[in-house]
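Below, read A as the first sequence line, B as the second, and so on, with proteins coming before strands; counting in each chain starts at 1. FYI, side chains are in, hydrogens and waters are out, and symmetry mates aren't considered; it's all heavy atoms of this structure.
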There are 2 protein chains.
Amino acid sequence: MTIGELARRTGCGIETIRYYEHEGLLPKPGRTSGNFRRYGQEHAELLSFIRHCRSLDMALSEIRILLRFRSAPDENCGEINALLDIHIGHVEERIAELKSLEGQLRALRDKCRSGRSAEHCGILQGLGGAPDDRGASGDNHVPRTHSTKR
Amino acid sequence: MTIGELARRTGCGIETIRYYEHEGLLPKPGRTSGNFRRYGQEHAELLSFIRHCRSLDMALSEIRILLRFRSAPDENCGEINALLDIHIGHVEERIAELKSLEGQLRALRDKCRSGRSAEHCGILQGLGGAPDDRGASGDNHVPRTHSTKR
DNA sequence: AGACACCCTGTAGTGACTAAAGAGTCAAGC
DNA sequence: GCTTGACTCTTTAGTCACTACAGGGTGTCT
């Protein structure tokens with residue numbers, strides 16, 4: 001199947017597929033005489049695996065590790081458990097951060113209920129002070145709030 | 001004060017201060033005869049404002065809008081409210097996504113409690129299928145799970 | 001005069017894509 | 001065989017908010 005068919009079948013963008021190949025997550029497929037990529041069922045399954053992991057917000061580096069285990073089925077899966085536990089920890093941590101953030105934002109929002117001029121806007125005044133320490137640990141790969149993804 | 005002093009006073013990295021200047025968030029300061037940046041109290045307050053906004057996970061583009069209101073105090077602050085409401089919506093949305101994610105990850109984790117070989121690991125098998133639609137809207141600038149920030 | 005901390009500009013890297021330019025290929029219809 | 005149009009190719013650059021250099025200049029103290 002062509003890259004376009006693979007993309008349709010997996011719901012993954014064509015550019016993303018080429019990106020995964022470049023990053024070594026997908027093996028280089030065969031080519032037609034005209035240099036088009038030719039994929040088989042095994043590529044579709046592998047790509048679905050990767051997209052599933054990504055839908056669970058795993059980093060590509062984590063997925064790389066899982067793929068290693070997937071292709072070396074004799075190894076003990078304790079490391080897989082550990083990886084997942086760490087990832088769950090990251091997600092929990094980010095949820096806690098975002099909840100704290102939401103509380104702060106709501107408190108700020110309550111400072112300006114009316115249509116006053118910006119000069120007296122409680123929100124701007126509330127933002128003037130020193131920020132609270134957000135207490136992020138620094139090694140959490142789970143993004144906080146912004147990002148434009150499909 | 002020098003850029004280093006400003007950095008220490010605001011808890012912001014020196015490179016970040018120069019980056020904000022480049023991005024137009026901080027006005028260009030005066031310079032010494034040797035071309036060193038010279039900052040005053042007003043710069044420190046402005047930078048604290050920006051860092052406070054960033055600690056609330058606002059995007060620089062949002063902060064730029066707030067700064068516009070900050071320097072044009074006659075304008076009505078209804079837009080500020082709207083901006084904050086949208087941002088709170090983004091954060092709420094991301095929290096909901098992450099909670100759903102956490103549930104999925106825990107379900108996956110429960111598939112492998114023992115130290116079996118990877119060949120029979122329930123986690124790898126659970127990851128093989130098609131991913132759930134994560135239902136992200138696409139215009140939420142709040143990151144999901146990974147990211148290495150200080 | 002030397003040492004050393006600090007500062008300067010400019011460039012490149014991060015993660016996981018996304019977009020676009022400019023060219024080539026494939027399949028169907030005529 | 002030719003044309004059309006959809007598809008694909010590679011390469012490069014952009015996204016966001018920084019962070020990390022490299023290679024040089026400045027300020028201050030002894």
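- The CG atom of A/Leu25 sits 11 Å away from the C1' atom of C/dA16 (whole-angstrom rounding).
- Summarising the geometry, atom CD1 belonging to A/Ile86 is positioned 6.5 Å from atom CG belonging to A/Leu83; distances are rounded to the nearest 0.5 Å.
- The side chain of A/Ile14 sits closest to D/dT8 out of C/dT9, C/dT18, D/dT8.
- Rounded to an integer number of Å, the gap from CD of B/Glu23 to C1' of D/dT19 is 14 Å.
- Rounded to an integer number of Å, the gap from OH of B/Tyr19 to P of C/dC8 is 18 Å.
- For B/Ile17 and D/dA17, the CD1 to P distance is 17 Å, given to the nearest whole Å.
- Annotation: side chain to side chain donor-acceptor pair (under 3.5 Å) contacts of B/Thr32 (sequence neighbours excluded): none.
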Listing time: all N or O pairs from protein to nucleotides 22-29 of chain D that are below 3.5 Å?
{"unit_1": "D/dG27", "atom_1": "OP1", "unit_2": "B/Gly34", "atom_2": "N", "d": "3.4"}

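- Proximity of A/Tyr20 to the phosphate of C/dC17: a side-chain N or O atom is located under 4.0 Å from OP1 or OP2.
- Among residues two or more places apart in sequence or in another chain, the side chain to side chain donor-acceptor pair (under 3.5 Å) test is passed with A/Arg9 by A/Gln41.
- Within the 4.5 Å cutoff, the side chain of B/Asp57 has heavy atoms near those of the B/His87 side chain.
- A straight line from NE2 of B/His22 to P of C/dA12 spans 14 Å, rounded to a whole angstrom.
- Atom OH of A/Tyr39 is separated from atom C1' of D/dC9 by 12 Å (rounded to the nearest Å).
- For the pair B/Ser61 and A/Gly4, both in contact range of DNA chain D, the more 5′-proximal nearest nucleotide belongs to A/Gly4.
- Between the CG atom in A/Leu25 and the CD1 atom in A/Ile50 there is a gap of 5.0 Å [rounded to 0.5 Å].
- Checking C/dC17, D/dT10, C/dC7 against the side-chain heavy atoms of B/Ile3 singles out C/dC7 as nearest.
- Take B/Glu21 and apply the side chain to side chain donor-acceptor pair (under 3.5 Å) test, not counting sequence neighbours, and it matches B/Arg37.
- Scanning for salt bridge (Lys or Arg N to Asp or Glu O under 4.0 Å) contacts around A/Glu45 gives an empty result, with sequence neighbours left out.
- Every residue two or more places apart in sequence or in another chain was checked for a salt bridge (Lys or Arg N to Asp or Glu O under 4.0 Å) with B/Glu23, and none qualifies.
- In this model, the phosphate group of D/dT8 is not approached by any side-chain N or O of A/Arg31 to a distance below 4.0 Å at OP1 or OP2.
- When the side-chain nitrogen and oxygen atoms of A/Arg54 are compared with OP1 and OP2 of C/dC17, one or more of them lie within a distance under 4.0 Å.
- Closest contact between the side chain of B/Arg18 and the listed nucleotides C/dC17, D/dT8, C/dT9 involves C/dT9.
- Spacing between atom CG of B/Asp57 and atom C1' of D/dC16 amounts to 12 Å, rounded to whole angstrom units.
- Within 4.0 Å (heavy atoms only), A/Thr2 reaches sugar-phosphate atoms of the nucleic acid but no base atom.
- Closest-nucleotide positions on DNA chain C for B/Glu15 and B/Arg8 were compared, and the one nearer the 5' end corresponds to B/Arg8.
- For the helix from C/dA1-D/dT30 to C/dC30-D/dG1, the rotation axes defined at the first and last 5 base pairs enclose an angle of 30°, given to the nearest 10°.
- Partners of A/Arg18 under the salt bridge (Lys or Arg N to Asp or Glu O under 4.0 Å) rule, at least two apart in sequence or in another chain, are A/Glu15.
- Remark: P of D/dC7 and CG of A/Leu6 are 15 Å apart, rounded to the nearest angstrom.
- For B/Tyr20, there are no ring-ring contact (aromatic ring centres under 6.0 Å, His included) partners, not counting sequence neighbours.
- Within the 4.0 Å cut-off from OP1 or OP2 of C/dC6, not a single side-chain nitrogen or oxygen of B/Arg37 is found.
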